[in-house]
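Both backbone and side-chain heavy atoms feed into the values below; hydrogens, waters and symmetry mates do not. Quick caveat: nothing in here was measured; it's all calculated off a predicted structure. Residue numbering restarts at 1 for every chain, and letters A, B, ... go by the order of the sequence lines.
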2 protein chains.
Amino acid sequence: MLNENVHKKDMRSMEKKLTINDIARMAGVSRQTISRVLNNKPEVNEATRKQVLRIIEKHEFQPSLQARSMVTRKTNMIAVLLPDISNSFFAEIVRGIERTLRANKLHVFLMTSEEEIALENSFIQLAQNYNVDGMILCSPRLDEANLRKLIPRVSPVVLLNRDLDADGAACVVVDSLYGGYTATKYLIEKGHSKIGIILGPSRAYSNIQRLDGYKKALVEFGIPVEDDLIMHVEVDNKGVHKLTEQLVKKKVTAITAYNDLAAAYVIQACTDLNLKVPDDISVIGFDGSVISQFMNPALTTMSLPLFEMGQTIANTLVRMIKGDQPFERLTTIYPILKERNSTKSLS
Amino acid sequence: MLNENVHKKDMRSMEKKLTINDIARMAGVSRQTISRVLNNKPEVNEATRKQVLRIIEKHEFQPSLQARSMVTRKTNMIAVLLPDISNSFFAEIVRGIERTLRANKLHVFLMTSEEEIALENSFIQLAQNYNVDGMILCSPRLDEANLRKLIPRVSPVVLLNRDLDADGAACVVVDSLYGGYTATKYLIEKGHSKIGIILGPSRAYSNIQRLDGYKKALVEFGIPVEDDLIMHVEVDNKGVHKLTEQLVKKKVTAITAYNDLAAAYVIQACTDLNLKVPDDISVIGFDGSVISQFMNPALTTMSLPLFEMGQTIANTLVRMIKGDQPFERLTTIYPILKERNSTKSLS
DNA sequence: TTGTATGCGTTATCAA
DNA sequence: TTGATAACGCATACAA
């Protein structure tokens with residue numbers, strides 16, 4: 001049913017957008033006065049202001065933000081770079097970011113990198129070229145040297161889940177060590193000692209931390225760390241199924257997953273292997289996204305205040321942009337254990 | 001642990017961004033030549049081009065896209081307005097949109113309206129003021145008159161789930177009538193006749209369609225339409241629990257929900273009422289988002305190719321922008337019945 | 001092949 | 001309280 005529609009900005013729809021000059025002519029004043037009215041400057045006669053406003057409204061005149069930002073050097077745009085917007089972890093954070101930025105008359109320029117390092121690099125460049133007022137950056141892949149080089153170009157920057165002490169940068173970080181530790185300790189206290197862990201891409205900071213927390217808990221309770229119970233997903237969640245099978249073969253009684261979605265795949269794999277969760281095996285997730293509460297059994301998870309994290313990130317950036325307010329260089333978010341039905345005491 | 005960090009763009013970090021003029025001076029040519037090199041114009045001597053490129057790379061010069069777009073009238077930005085990015089329905093669509101736009105060197109200016117009509121209005125204005133090259137619009141709330149008035153300002157526009165025949169607009173629409181019809185028919189053929197339906201906000205086009213499909217199926221099979229089995233959620237999914245209770249009181253044997261998340265709440269409510277899904281009651285969802293496959297029982301749902309929809313939307317917009325390619329004024333997406341374990345024959 | 005002049009739509013500066 | 005002039009950084013048209 002393809003028709004011959006072709007979009008043309010033809011003469012009819014041209015009605016060449018009005019400029020400040022047009023309004024000035026109509027009002028019989030200089031364009032400077034229009035500018036003053038638009039910017040609510042005090043030094044303009046009330047009568048003329050009324051008159052100008054009338055004409056502006058009558059013609060629904062809207063100033064070009066591009067032209068304005070050419071001279072003010074501000075775009076009111078914030079670049080938000082993250083790996084994947086369809087991951088509910090990020091989507092919920094972005095919701096918090098967007099609302100807070102909006103409240104500060106800032107807007108979101110969204111960039112998703114799909115974890116490709118080349119894209120992350122070029123997007124930061126792009127943000128610079130668009131002259132954004134600041135950037136929110138979740139870049140698990142980019143190495144520190146590159147990061148340090150790129151940050152000054154788009155600063156201020158708020159980094160999500162990277163702890164980097166650099167000028168013009170602040171960090172909001174989940175304490176994954178604490179999270180990994182708490183989850184593991186919880187399982188140990190439930191009587192488990194053969195505990196598998198499935199981690200995301202190994203280079204990511206949060207994964208290293210999570211693993212450290214896992215080990216810390218084991219060591220604390222005198223349980224030996226077995227390297228073959230530590231699994232890394234390298235690409236995406238499809239690998240989780242296979243890793244779960246391997247862990248089951250090794251007779252684990254519990255599995256810690258690096259996020260809720262991965263935990264869902266773990267449970268699915270267990271079901272395929274005719275294992276009941278939590279009766280035969282306990283599973284704990286990480287992040288507390290919506291899916292965790294609808295899974296059956298409902299997922300025990302280390303829950304994160306994602307929306308609030310987004311707000312915190314945006315608020316920090318706003319303070320940095322304003323430039324006269326103190327801000328946290330490093331904000332640490334602690335996940336909270338939400339005990340539901342996917343875990344059970346080993347009795 | 002608040003420290004005294006205050007971000008200042010101080011002298012050190014100033015290193016005033018290079019302009020085309022700086023490069024011109026360094027290269028000993030006019031800024032025109034630089035511009036030609038940047039835009040890959042043929043009419044430039046190979047030697048000077050090499051020379052200029054060397055200097056550009058040496059200083060990592062990047063042209064200001066703002067200044068450029070002042071004269072070209074193109075920003076390469078596409079405004080994407082939708083109600084809620086944390087809704088996986090939209091998030092997955094945006095993923096498709098973003099990838100396709102990126103392939104066309106277009107970028108996403110994200111606006112979320114939280115279904116507030118005032119915000120939708122002002123965001124469209126904003127998109128105009130930023131002079132975006134086009135807009136993708138999912139605005140369930142805005143009435144047709146307003147839409148018609150605003151579209152010319154940001155055209156071309158692709159509308160999601162609105163069928164509006166307007167100049168400069170194309171539409172990508174889910175056939176919710178077909179979806180509602182198919183879901184209901186499926187349940188009827190499973191032996192159900194007392195079927196409840198839970199709809200989203202009633203004014204939304206897709207809900208009206210879905211209801212029509214529901215009725216069509218009932219009528220086709222000679223089953224009377226009972227108005228008190230038709231429920232509307234007016235605000236958010238919290239209402240679903242209550243509506244489910246009401247339907248259960250009316251002895252329905254099956255419930256159709258307007259999306260998967262709502263279906264999840266339905267199942268949760270059923271569980272709270274000590275009803276087993278699907279043994280005591282069948283539940284069917286809509287959209288086939290990730291949560292549907294991890295629910296237990298896995299959700300039977302009318303599945304939508306969300307990522308591909310995003311791609312279609314973006315592709316349509318790109319064709320409109322290019323202006324010399326035909327495009328579909330109306331693309332209809334048909335949901336596909338994905339039978340899983342939340343529905344059962346009434347025996 | 002290259003350079004000069006002009007303009008895009010605003011705000012900033014300074015003078016009236 | 002207002003207006004004239006000069007930026008902002010680039011691309012376009014035209015001349016050399």
If each of R31(A) and P42(A) is mapped to the nucleotide of DNA chain D with the nearest heavy atom, which maps nearer the 5' terminus, i.e. the 5' end?
P42(A)

F61(B) has a side chain; which of dC8(D), dC10(D), dC8(C) sits nearest to it?
dC10(D)

Candidates dT10(C), dG3(D), dA13(D) - which lies nearest the side chain of V71(A)
dT10(C)

Between dT10(C), dC10(D), dT2(C), which nucleotide has the shortest distance from any of its atoms to the side chain of T19(A)?
dT10(C)

Looking only at side-chain atoms of V29(B), point me to the closest of dG3(C), dG9(C), dC10(D).
dG3(C)

Flag for Q66(B)-T75(A): side-chain donor and acceptor within less than 3.5 Å:
no

What is the distance, to the nearest angstrom, from the NZ atom on K41(A) to the P atom on dT1(D)?
14 Å

Nearest-angstrom distance from the residue atom CD1 of I56(B) to C1' of dG9(D):
14 Å

Name the closest nucleotide to the P63(A) side chain, picking from dA11(D), dT10(C), dG9(D).
dT10(C)

Side chain of N45(A), heavy atoms from C-beta onward: which of dT13(C), dT1(D), dG9(C) has the nearest atom to it?
dT1(D)

Among dA11(D), dG9(C), dT13(C), the nucleotide that comes nearest once only the side chain of R36(A) is considered
dT13(C)

Checking contacts here: which listed nucleotide (dA11(D), dC8(C), dT2(D)) is nearest the side-chain heavy atoms of V44(A)?
dT2(D)

Whole angstrom value for the distance that separates C1' of dT10(C) from CG of N129(B)
13 Å

Rounded distance (Å) that lies between atom C1' of dG9(C) and atom CG of L65(A):
11 Å

R153(A) and Q62(B) side chains, donor-acceptor separation under 3.5 Å:
no

